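Worksheet: one structure, shown below.
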Amino acid sequence: MISENWLNKLRQHRAIAVIRAATLELGRHQAQAVAEGGLRIIEITWNTDGAAELIQQLRGELPHCMIGTGTILDQTALFEAIAAGAEFAFSPHINVPLIQAAVAAGIPIIPGALTPTEIVTAWQAGATCVKIFPCQAVGYAAYIKGLQGPLGQIPMIPTGGVTIDNAREFIQAGAIAVGLAGDLFPSSLIAAKDWSAIGQRSQTLVASLRSVSNSSSNEIR
């Protein structure tokens, strides 16, 4: 049930805002900005300053959003993130005990993989979805499309090289959702603390993915 609820959220919203902030306060502003822009799934990377406290704050301040974590490298970090209120967890790698621990704790776990062998290994270990990372190194959306024939039953979330302009191409290629970090949060806007502009970028992304979601029959096969 937890897995299906997570997949339904991904099908509905299609995008995950990935926040890696130098300070807790910057992370909080970034999360609030993308939520104002309509994004509803927010990942706070565990190497963000004060990640646990930030997750706790956002769970209270943004009840309409799913707040999770990423860059989880081991079980200690996983359990600390869950205790802070994280609703899902991404990792950059495949660690079978970590996957199994998340499954036992009842939290969606999305490990990073790149090759077909790694993707299948993660899936067979119990991954809720598989993060395809770094996607820009192997052909962007064309790589996701190429994986669909043999591995289309595995829900994939590409990250790395995903932008506001090309996000819909990944969904059209078969991805269940995409993760965006740098393109959603340009360093110039962060430095200027232009949260309104980041909110507008989020609105543009949401509108783009809504149109492709409404016109696409893409589902987990």
Side-chain angles (χ1 to χ4, degrees), residues 5-72 81-82 84-90 107-108 110 129 131 157-172 175-216:
N5 287 342
W6 166 247
L7 295 177
N8 286 337
K9 284 285 187 181
L10 293 176
R11 294 186 188 108
Q12 179 182 359
H13 298 295
R14 298 296 192 185
I16 301 159
V18 180
I19 295 174
R20 179 176 285 105
T23 68
L24 186 152
E25 193 60 24
L26 283 175
R28 183 167 173 264
H29 281 299
Q30 289 174 242
Q32 291 173 335
V34 296
E36 282 288 324
L39 290 173
R40 293 294 177 258
I41 308 177
I42 300 173
E43 172 192 332
I44 305 299
T45 64
W46 197 243
N47 55 359
T48 286
D49 176 66
E53 183 180 351
L54 179 55
I55 290 169
Q56 290 175 331
Q57 287 185 4
L58 296 177
R59 285 295 308 274
E61 294 172 356
L62 302 174
H64 52 297
C65 294
M66 285 191 75
I67 309 296
T69 190
T71 319
I72 294 294
I82 292 173
E87 297 178 271
F88 58 86
F90 280 76
I107 184 172
I110 308 92
C129 297
K131 177 173 78 167
I157 303 177
T159 68
V162 181
T163 68
I164 293 170
D165 291 334
N166 69 16
R168 61 183 287 129
E169 297 174 15
F170 287 95
I171 303 300
Q172 290 170 327
I176 190 171
V178 293
L180 292 90
D183 193 61
L184 197 57
F185 303 106
S187 58
S188 59
L189 296 183
I190 299 296
K193 298 184 178 180
D194 192 344
W195 312 123
S196 176
I198 290 174
Q200 291 170 0
R201 294 178 71 79
S202 303
Q203 287 180 345
T204 299
L205 174 64
V206 169
S208 173
L209 295 182
R210 182 183 299 120
S211 65
V212 70
S213 295
N214 290 342
S215 64
S216 173

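Since the structure is predicted, the reported quantities are computational estimates derived from the model, not experimental observations. Along the sequence shown, the residues carry numbers beginning at 1. Reckoned from all heavy atoms, side chains included, excluding hydrogens, waters and symmetry mates.
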| said: Using 0.5 Å steps for rounding, measure from the CG atom of Leu7 to the CZ atom of Arg11. | reply: 5.0 Å
| field | Side-chain heavy atoms of Ile190 within contact of Gln30, under 4.5 Å | value | yes
| query | Are any of the side-chain heavy atoms of Leu180 and Val178 separated by less than 4.5 Å? | reply | yes
| query | Under the 3.5 angstrom rule, does the side chain of Thr23 hit a backbone N or O of Leu26 as a donor-acceptor pair? | reply | yes
| message | If I take atom CD1 from residue Ile72 and atom CD1 from residue Ile110, how far apart are they, to the nearest 0.5 angstrom? | response | 11.0 Å
| Quick one: CZ on Arg210 to CD on Gln203, what's the gap to the nearest 0.5 Å? | 9.5 Å
| query | What's the spacing between Ile67 CD1 and Ile42 CD1 if we round to 0.5 Å? | reply | 4.0 Å
| field | Thr69 vs Phe88 side-chain heavy atoms within contact, under 4.5 Å | value | no
| said: Minimum heavy-atom separation for Ala15 and Leu209, please, with both atom names. | reply: CB-CD1, 3.5 Å
| Closest non-hydrogen atom pair between Pro63 and Gly60, with its separation | CD-O, 3.7 Å
| query | Side-chain contact, heavy-atom cut-off 4.5 Å: Thr48 with Leu24? | reply | no
| What pairs meet the salt bridge (Lys or Arg N to Asp or Glu O under 4.0 Å) rule with one or both residues in residues 26-51, with sequence neighbours excluded? | Glu25-Arg28, Arg28-Glu61
| request: For Ala17 and Leu184, work out which heavy atoms get closest and say how close. | output: CB-CD2, 3.7 Å
| Are the side chain of Thr159 and the backbone N or O of Gly179 linked by a donor-acceptor pair below 3.5 Å? | no
| remark: Closest heavy-atom pair, Trp46 versus Thr71, reported as atoms and distance to 0.1 Å, is CB-O, 3.9 Å
| request: Mind checking the CG-SG spacing from Leu58 to Cys65? Nearest 0.5 Å is all I need. | output: 8.5 Å
| said: Taking salt bridge (charged side-chain N to carboxylate O under 4.0 Å, His left out) as the criterion, tell me which of Asp194, Asp165, Asp183 meets it with Arg201. | reply: Asp183
| query | Does some side-chain heavy atom of Ile157 sit less than 4.5 Å from a side-chain heavy atom of Phe90? | reply | yes
| If you round to the nearest 0.5 Å, how far is CH2 of Trp6 from CE of Met66? | 5.5 Å
| query | What heavy-atom pair brings Leu10 and Ala177 nearest, and what distance separates the two atoms? | reply | CD2-CB, 3.9 Å
| said: Give me the atom names and distance for the closest heavy-atom approach of Ala35 to His64. | reply: CB-NE2, 4.2 Å
| message | Could you check whether any side-chain heavy atom of Ile176 comes within less than 4.5 Å of a side-chain heavy atom of Arg14, counting everything from C-beta outward? | response | yes
| task | Using the side-chain contact (heavy atoms from CB on, under 4.5 Å) rule, take Ile55 and Glu87 through it: C-alpha gap first, then chi angles, then the decisive distance, then the call. | result | CA-CA 10 Å; Ile55 290 169; Glu87 297 178 271; over 6 Å; no
| Under 3.5 Å, is there a donor-acceptor pair linking the side chains of Thr45 and Asn47? | yes
| message | In terms of relative ring orientation, are His29 and Trp195 parallel, tilted or perpendicular, with 30° and 60° separating the classes? | response | parallel
| request: May I ask you to decide if Leu39's main-chain N or O and Ser202's side chain share a donor-acceptor pair within less than 3.5 Å? | output: no
